[in-house]
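Each remark here refers to the structure printed beneath this line.
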Amino acid sequence: MISVRYHRGLELPEHGLWLDPEDPRPFAFVSHAHADHIARHPEFIASAGTARLMQARLGGERQGHILEFGQPASFRDFQITLLPAGHIFGSAQSLIESEHGSLLYTGDFKLRRGLSAEPTEWRHAETLIMETTYGLPKYRLPPTEAVMARMVAFCQESLEDGAVPVLLGYSLGKAQEILCAILKAGLTPMLHGAVYQMTEIYRQLKPDFPDGYERYSAGKVEGKVLICPPSANRTIMLTRIKNRRVAVLTGWALDPGATYRYQCDAAFPLSDHADYTDLVRYVDLVQPKRVLTLHGFAAAFAADLRERGFDAWALSEENQLELLLRRAPSTPQPERPAAPVAAMPQSEFGAFATLGDQIANSTSKLKKIALLADYLRSLNETQLPIAARFLTGRAFAQSDMRTLQVGWAVIKRAVMAAGGLAEQEFRAISRQYADAGKATYEALLERTTPRDFSLVDALALFDQLHAARGPLVKGELLQQRLAALTPLEASYLVKILTGDLRIGLKSGLVEEAIAAAFQADLHTVREAQMFTGDLGEVAALASKNQLEEASLHLFRPIQVMLASPEPTAQAVWSRIAAHDAPAAWTEDKFDGIRAQIHLGSGRAEIFTRDLRQITGQFADLARAARSYPGEAILDGEILAYEQGRRLTFFDLQKRLGRKTEDDLFLGANDIPVVFKAFDLLYLNGTSLLKRPLAERRLALESLTLPPGLEVAPIHRVASAEEIEAAFQAARARGNEGLMIKDGASFYTPGRRGQAWLKFKKELATLDVVVVGAEQGHGKRSHVLSDYTFAVRDEVSGHLLTIGKAYSGLTDEEIEELTEHFTATTIARHGRYREVVPEIVLEIAFDSIQPSDRHASGLAMRFPRIKAIRRDKTPEQIDTIAHARRLVATEMVSH
DNA sequence: GCTGATGCGTC
DNA sequence: GTCGGAC
DNA sequence: GTCCGACGACGCATCAGC
């Protein structure tokens, strides 16, 4: 076998020949003309193309042996044959044959066909020395055409936005390949000086190389695609182009976070090196007795090959000895030292975040519960409730009225500042990741100096954020903390801030884990959760075996019982019949705010369905309620109410949002309200939750309620027809629809069961045309799922927007429409795309009212897409006048 | 003092 | 509030 | 069947910037 030594290049000591040495050597083979491979060797062997490019780059006089591909040449005691390597124009492999054996050195190579390099050839050899830049299985490049298509789309979108697309690729080889693709797509390229120079040489060497490009000139770059070497990124030349969108083309684009590593907006995986698949394939083609690997993941790939039965070793200074002594294989050492492991032990919050990731990474429900239970058990009394709350994506307990007032805008600014990222870089990262947590992780990777952070610290931070006034102050606080966290910790902090952990953890699973961790009965845990509305407290109680303490208490709100929707009277009746019930109760479905009123000892508190206290906003109601002599918990609805004037839900909302406490007397503009009670959960020390509705109703009707609190009337129905009649009567009374309840049912807090049904009908439908589309969020971030639509002004003929919707379409339909709207985009305004108005939708809604949100001056309540009307053209959509008539009919019908 | 952006909570 | 989809 | 995520309009509060 031919001996090989490695020191800043390969040496074949028996033959006095160097292969691609980094420093000048007396006699060397130069595989290709990239700057890191060429040096001023007095005597060298190269292909004609490489020699020509070398001359252009280095100048000067040297003794060059220029060999034709496939033609063997003899030197001293060896014979050498050059073979095309497919890396760039002129790149060559060398096959060396002598009395010691045969050796094939690939240099940089790839197997896929490029636009500029000669197609790769190979020969059998005893020893194969190969470059293994992408020697890990995760580096599998997508087909070139697909990458090029994405790159072209990136350019087109940038141009549509009025931005200058900038593509980064090596000036020799890749830049020319990019150039060809850009020309083919009909776009106008402009070349950075270095790229221009190389391309000119290319054209001399390859007469068929396309024309139609020009050298960069600052004033003329608008509307063109600029191609630059990677080194040009962040240079003054580029930063002067204000509205630029930069994409890098490199195999490393397969790494997550590539955009931020390269500080650009996009990264596309295109490489002049063989990817993992081709590396393996090449070894199979050459069938060597021994493989020596070089560059990139050399050690990992060698180990991989050994597992495939090859005698394979990484060539580097370190395992030189191992190689020469031919010792038995030990565990492969990684080529790149692993990222320095923090000497600091993991913080408490870090452990929480790690657990989150473990849960996210396991698909088995049982495993998630087991992981979670172990974790919960490991916590002390202080940590437990905090962690349990965080696990549900909340900073505070549900019953805690505090809010952070920290949304995506504040988080974004804080993350950018903490990581020292520019708006553009951050946008590029966050665009890739649907969820804020992941984007934060990528944005902060290797950009923070972590300090210890406990669960209590995290809670304290949330307290501070709540207390801080104004988004700027909050952002500042958050930024300082983020800068002192590990990226993983930061991502979980952000996940909690956005209220969304996204690790496949439902609150139900946390309940199961609590039960498992403390050997508690799952049902008891669930019940405790309904009573307390705070998993933190439930966990704490469970750990102390005191779950029974969570029960119905006066002035502690419990979750409300919910109803399932049914579309028709017949559907409602089928449900009832399925329960073998001879009849059911009906109530009007009021269009107000669900409320739970606790009364007792001269005190009254009002809570929303989210267990928020709103006593202050409805002080007039509370004041009246206080006069009730006994103890009771009422479930019902607060309604805007005024004799002789129709008040709407929107009137009611005016009071809801208000922060200031109601004054002793109603202000002149205040909306008067009444409370319609429809259930009684507790009476004079006794919980009625586990009594049938019929009994609860009887008790409710026996109460003498103070003025302002009324009992909602009920009726009995025993057929679909009676249900329909009751519905019509409810509508005639100005109510939204009908509630239908099983008289035998218990009150199940927080559940949406079949015991309570709700029956509403859409008001009407409108045929509209889609004029705009937007990207969705989360799971829908890769589709255009958000459609703005319009009706026609029959006078001017203009389209006037009237609403937005996505709800009602299947995933498949959304995908279809995404494709359609991508193709028919007229203009882009940020996220919003104006599209050709041709898709007609039928939109259903519950009501329609004047609004200045949309150009039509109308807006719908609960709009949903009922159908895509492919049978209709935009000329056939409804008119604004028709829509206005619907507003009118609704007004008079009540 | 007004306006627009943002956050939150109601349906 | 609405809806479709996953389990 | 039940839960969950991704969505609608609206109103108020708060703050930043004019």
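Letters go in sequence order (proteins before strands), and every chain restarts at 1.
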Give one of base, sugar-phosphate or nothing for [X], where a contact means two heavy atoms less than 4.0 Å apart.
X: A/Phe862; answer: base
X: A/Leu809; answer: sugar-phosphate
X: A/Lys866; answer: nothing
X: A/Arg853; answer: base
X: A/Ser564; answer: nothing
X: A/Leu652; answer: nothing
X: A/Lys760; answer: sugar-phosphate
X: A/Lys589; answer: sugar-phosphate
X: A/Arg413; answer: nothing

Once you measure the plane-to-plane angle for A/Trp408 and A/Phe426, does it fall in the parallel (<30°), tilted (30-60°) or perpendicular (>60°) bin? tilted
Angle class for the A/Phe821/A/Tyr787 ring planes (parallel below 30°, perpendicular above 60°, tilted otherwise)?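 Tilted.
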Please check if any side-chain donor atom of A/Thr822 sits under 3.5 Å from a side-chain acceptor atom of A/Glu819, or the reverse.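 Checked: A/Thr822/A/Glu819 side chains show no N/O donor-acceptor pair below 3.5 Å.
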By nearest atom, which of the nucleotides [options] is closest to the [X] side chain?
X: A/Ser785; options: B/dC11, D/dA6, D/dC7; answer: D/dC7
X: A/Gln653; options: D/dG11, C/dG5, D/dC7; answer: D/dG11
X: A/Ala409; options: B/dT6, D/dG5, B/dT10; answer: B/dT6

Below 4.0 angstrom from OP1 or OP2 of [N], is there any side-chain N or O of [X]?
X: A/Arg752; N: D/dC4; value: no
X: A/Lys654; N: D/dC10; value: no
X: A/His777; N: D/dC7; value: yes
X: A/Lys779; N: D/dG5; value: no
X: A/Arg861; N: D/dA9; value: no
X: A/Ser807; N: C/dG4; value: no

Can you measure [X] atom [atom1] to [N] atom [atom2] for me and round it to whole angstrom units?
X: A/His854; N: D/dG8; atom1: NE2; atom2: P; result: 9 Å
X: A/Gln849; N: D/dG11; atom1: CD; atom2: C1'; result: 12 Å
X: A/Ile802; N: D/dC10; atom1: CD1; atom2: P; result: 11 Å
X: A/Leu766; N: D/dG8; atom1: CG; atom2: P; result: 18 Å

Can a salt bridge be assigned to the pair A/Glu762 and A/Lys866 using a cut-off of 4.0 Å between side-chain N and carboxylate O?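 A salt bridge is present here (some side-chain N lies under 4.0 Å from a carboxylate O).
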Would you call A/Asp811 and A/Lys779 a salt bridge, taking side-chain N to carboxylate O under 4.0 Å as the test?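 Salt bridge absent between A/Asp811 and A/Lys779.
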Just by modelled atom types, is the A/Thr608 backbone N or O under 3.5 Å from a matching donor or acceptor in the A/Arg594 side chain?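 The answer is no, because no donor-acceptor pair under 3.5 Å joins these two groups.
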